[in-house]
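As the structure lists them, so they are numbered: ligands from 1, and atoms in each ligand from 1. In this chain, residues are counted from 1 in sequence order.
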Amino acid sequence: MNTRILKPGAAALTEAAALIRAGSLVGMPTETVYGLAANALDPDAVRAIYEAKGRPGDNPLIVHIADRSQLDALISGAPSPAAQRLMDACWPGPLTLIFPKSEAVPMRTTGGLDTVAVRMPSHPVARALIAESGLPLAAPSGNRSGRPSPTTAAHMLEDMNGRIPLILDGGPCGVGVESTVLDVTGPVPRVLRPGGVSPECVREICGACEVDGAVMRPLREGETARSPGMKYRHYAPSGSLTIYRGGAEAASAAIRAAYDRAEAAGERPLILALEANLPRYGSRRTRSLGRDAGEAAQRIFAALREADELRAEAILSEAVDTGGIGLAVMNRLGRAAAFHIEEV
Ligand code: TXA
Ligand code: MG
């Protein structure tokens, strides 16, 4: 199969919507990352998503809608008052809510769970594709399973070339990390995956918010994942990634020492550092994470892909503060590093 990349004009959107209605897969930009979209209500189309990604069948998909009127058919019962407030405040945007699912949603879409994850993206191309196809779209991130999520059409092509007919190129994604996954089926909203909507923000809207323990550590022996995605290695570059957490002075000293050790051992090291700290590394090989956590979110997946392109064997990263979107950045970095974090 030849994978085409098209700018999302009217003709491309018509074609993409026709592909979706015919049960095919389409790469679509969202404000978070690129998604691999298909009709969420068609078990065969959904099976094709799992196949194209090489994704385990028990890791459920997020269903994307463009209008609140599409929600009722997907969920069972009415949304709780907390869920209502969150939708009013954060939709469209990078917030995914977990609801009890309706009969209409195939078990294959939810990986066998009786709950469904729903999100209303704000990206105009995603919204137009949902509206024009007239269907809710299941869309995981458009990477092959285990790889960093794509934040440009070119990144998605790297992973999906020959596997899908079409990618709509909406330019680079604004947020850069995937949506916040929030379980609103219990009494207190619980973050299962941090993203663009921070726990602080959820707390402001609902009065309370818990962050699942497995967000910043590996699952413990025998612990059941509240979100199946927690079980799987994610975002991992080929080289070994270590995160150094501490003050800028101490962290950069530890990173310089580790870099020099790696080089002396004949390895190719790479440093990921915040813009302001780059001078601390002199002529060593670095990639900038940007000026703050927001820019780090936009760049993190591209930086991990670049580490692979550079065939970096030892990747040494600074940490960012975990306030706001920083928690999402540290979750993705932590998972990419299998939570190998050195406190310095
Ligand atoms: O920003 C995003 O959310 C992107 C764009 C494309 O919209 N999509 C995305 O999908 O990141 P994916 O499939 O890569 O991640 C979905 C996450 C997984 O960790 C999955 O386990 C979790 O959401 N999830 C989905 N349905 C769930 C459910 N019913 N209960 C708990 N976790 C669920
Ligand atoms: Mg993903």
Are more than 12 heavy atoms from other residues, nucleotides or ligands located less than 6.0 Å from atom CD of E249?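 No.
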Minimum distance, heavy atoms only, to [atom]: which one of [options] is it?
atom	options	result
atom 3 (O) of ligand 1	G196, P150, S179	S179
atom 30 (N) of ligand 1	I98, V33, L192	I98
atom 14 (O) of ligand 1	G195, G111, S141	S141
atom 12 (P) of ligand 1	P228, S145, P140, P100	P140
atom 16 (C) of ligand 1	I62, L113, D58	I62

So is [X] polar-close to ligand 1, meaning N/O to N/O under 3.5 Å?
X	answer
T115	yes
N59	yes
S227	yes
G229	yes
K53	no
T96	no
R119	yes

List the closest protein heavy-atom neighbour of [atom]: residue, atom name, distance to the nearest 0.1 Å.
atom	value
atom 24 (N) of ligand 1	P60 CG, 3.7 Å
atom 5 (C) of ligand 1	T32 OG1, 3.6 Å
atom 7 (O) of ligand 1	H64 NE2, 2.6 Å
atom 23 (O) of ligand 1	V181 CG2, 3.8 Å

May I ask whether [X] has any heavy atom positioned less than 4.0 angstrom from an atom of ligand 1?
X	value
R55	yes
A139	yes
M230	no

From S102 atom OG to D72 atom CG, the distance as rounded to the nearest 0.5 Å: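 Between S102 OG and D72 CG, I get 9.5 Å after rounding to 0.5 Å.
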Distance in Å, C173 SG paired with E31 CD, rounded so as to fall on 0.5 Å steps: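 The distance works out to 8.5 Å.
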If I take every N, O or S atom of S141, is at least one of them less than 2.8 Å from the Mg ion (ligand 2)?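 Short answer: yes, at least one N, O or S atom is under the cut-off.
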When you compare the side chains of [X] and [Y], does any donor N or O come within less than 3.5 Å of an acceptor on the partner?
X	Y	result
T32	R119	yes
S252	N277	no
Y50	D58	no
E313	S240	no
T151	R299	no
T14	E132	yes

May I ask you to list the atoms of ligand 1 that are less than 4.0 angstrom from any heavy atom of A117?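 Counting from 1, the qualifying ligand atoms are 25 (C), 26 (N), 27 (C).
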Which of the ligand 1 atoms, numbered from 1, are nearer than 4.0 Å to a heavy atom of R226: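 It comes down to these atoms of ligand 1: 31 (C).
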Are any of the side-chain nitrogens in [X] or [Y] under 4.0 Å away from the carboxylate oxygens of its partner?
X	Y	value
D114	K101	no
D88	R68	yes
E263	R284	no
E178	R332	yes

Is it the side chain, the backbone, both or neither of R193 that has a heavy atom closer than 4.0 Å to ligand 1?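 The side chain, only.
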Test S179 against R193 for side chain to side chain donor-acceptor pair (under 3.5 Å), laying out the working first. CA-CA 8 Å; S179 62; R193 178 180 72 182; 3.2 Å; yes
